[in-house]
A.B. asks: 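Pasting a structure below so you can have a look.
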Amino acid sequence: MVRRKEASGHDFTRLVLQADRRLPEMIPGQFVQVRIPSSIHGWLRIPVSIHFAEASQGQVWLLVQKVGEGSRYIAGLEPGERINLVLPLGNGFSLPGNGGGVQALLVGGGCGVAPLYFLGLTLKERNIPFRFLVGAKNKERLILEEELENTAPASICTEDGSTGFKGLVTGHPVWDEYDCSHIYTCGPTPMMRAVAKKAAQKGAICEASLENTMACGLGACLCCVTPVADGHNACVCTEGPVFDSRTLGWNA
């Protein structure tokens, strides 16, 4: 059931969902499949990243960008209305141990910030040092800026310079100022590819959460496959959505 909804930036809505029982454990990077009325989306569900979860409390948050009829339907749900989810699906980000010079950089763009917020809270709980690096086209399209800054240091980029550093995330000075051992990224594919190359230059482990189009979420329809470095096509919904960038062949 929808417990609370909030507008978040340009065309985004955050839904706080409450179940009437304990939920399965969820980790940052996993996703849910949301059932949509057949009149809107046929028999297919819509994948949405898990924005935050407290399984023991039966609570899960979704951050939905309104881009089509299905996502607009989800974002239009009001408190008290019920929603049908399949969860949790896919794999999540791997978490480093807290010691030995471990420091993480979480790089996001657009709705890719949603799972990174959950990851940040998890790292903070484990006392693992980290910071955010977030990019958007302009100030109006930034989301969760206050929440991120309240969680950890956050570097902001906008392409037009309306707030923060003017330019792309890969050009931000934090790359030279912050010695990170682990990099986690989610957002547009060109951005993540560029981030993977920066990670390789720094000798850091890099994990990317892909946002391929998914239909079933269970590996049956194969519409989400992506080529990987060893030559086969990986099913993003079951083998991902989080991959080591070396597996994807993005480090070269």
A.B. asks: Answer yes or no: is there a side-chain heavy-atom contact under 4.5 Å between T151 and F132?
C.D. replies: yes
A.B. asks: So do the side chains of P241 and E211 get within less than 4.5 Å of each other, counting heavy atoms only?
C.D. replies: no
A.B. asks: Please determine whether the number of non-hydrogen atoms from other residues, nucleotides or ligands lying under 6.0 Å from atom CD of E149 exceeds 12.
C.D. replies: yes
A.B. asks: Which value, rounded to the nearest 0.5 Å, describes the distance between L17 atom CG and W61 atom CH2?
C.D. replies: 11.0 Å
A.B. asks: Is there side-chain contact between P96 and L123, with at least one heavy-atom pair below 4.5 Å?
C.D. replies: yes
A.B. asks: I'd like to check S8 versus L144 (side-chain heavy atoms, cut-off strictly below 4.5 Å). Are they in contact?
C.D. replies: yes
A.B. asks: Is there a donor-acceptor pair closer than 3.5 Å between any side-chain N or O of H51 and the backbone N or O of A114?
C.D. replies: yes
A.B. asks: Kindly compute the distance separating CG (N138) from CG (L142), expressed to the nearest 0.5 Å.
C.D. replies: 8.0 Å
A.B. asks: Hey, are the side chains of P24 and L87 touching, using non-hydrogen atoms and a 4.5 Å cut-off?
C.D. replies: yes
A.B. asks: Can V113 be reached from I27 by stepping across I, L, V, M, F, W or Y side chains whose heavy atoms are under 4.5 Å apart?
C.D. replies: no
A.B. asks: So do V134 and L116 actually touch side chain to side chain, heavy atoms under 4.5 Å?
C.D. replies: no
A.B. asks: Does atom CD of E146 have more than 12 heavy-atom neighbours, drawn from other residues, nucleotides or ligands, at distances under 6.0 Å?
C.D. replies: no
A.B. asks: Is it the case that one hydrophobic cluster holds both F165 and L106, taking links as side-chain heavy atoms less than 4.5 Å apart, direct or via other members?
C.D. replies: no
A.B. asks: Evaluate the side-chain proximity of C224 to T213: yes if any heavy-atom separation is below 4.5 Å, no if none is.
C.D. replies: no
A.B. asks: According to salt bridge (charged side-chain N to carboxylate O under 4.0 Å, His left out), who are the partners of E25, at least two apart in sequence or on a separate chain?
C.D. replies: R22
A.B. asks: When rounded to the nearest 0.5 angstrom, what is the spacing between CG in N84 and CD1 in I36?
C.D. replies: 10.0 Å
A.B. asks: Hey, any chance Y73 and V34 share a hydrophobic cluster, counting ILVMFWY side chains that come within less than 4.5 Å of each other, even indirectly?
C.D. replies: yes
A.B. asks: Out of curiosity, Q18 CD to E54 CD, how far, rounded to the nearest 0.5 Å?
C.D. replies: 9.5 Å
A.B. asks: With a cut-off of 6.0 Å (strictly less than), are more than 12 heavy atoms of other residues, nucleotides or ligands near NZ of K139?
C.D. replies: no
A.B. asks: Applying salt bridge (Lys or Arg N to Asp or Glu O under 4.0 Å), which residue pairs with at least one partner in residues 70-97 are found, sequence neighbours left out?
C.D. replies: K5-E78
A.B. asks: I want to check something: taking the side chain as every heavy atom from C-beta on, are Q33 and I46 in contact at a cut-off of under 4.5 Å?
C.D. replies: no
A.B. asks: Does atom CG of D179 have more than 12 heavy-atom neighbours, drawn from other residues, nucleotides or ligands, at distances under 6.0 Å?
C.D. replies: no
A.B. asks: Could you see if L15 belongs to whatever hydrophobic cluster contains L121? Use Ile, Leu, Val, Met, Phe, Trp, Tyr and a side-chain cutoff under 4.5 Å.
C.D. replies: yes
A.B. asks: Atom SG in C237, atom CG in L210: separation rounded to 0.5 Å?
C.D. replies: 11.5 Å
A.B. asks: Taking S71 for the side chain and Q65 for the main chain, is one N or O donor matched with an acceptor at less than 3.5 Å?
C.D. replies: yes
A.B. asks: Should the pair F118 and F52 be assigned to parallel (<30°), tilted (30 to 60°) or perpendicular (>60°) ring geometry?
C.D. replies: perpendicular
A.B. asks: For residues R126 and L95, report the shortest heavy-atom separation together with the two atoms involved.
C.D. replies: CZ-CD1, 3.3 Å
A.B. asks: What class does the angle between the rings of Y184 and F93 fall in, given that below 30° is parallel, 30 to 60° is tilted and above 60° is perpendicular?
C.D. replies: perpendicular
A.B. asks: If I take atom CD1 from residue I83 and atom CE from residue M1, how far apart are they, to the nearest 0.5 angstrom?
C.D. replies: 12.0 Å
A.B. asks: Are V174 and L168 linked, directly or through other ILVMFWY residues, by side chains that come within less than 4.5 angstrom of each other?
C.D. replies: no
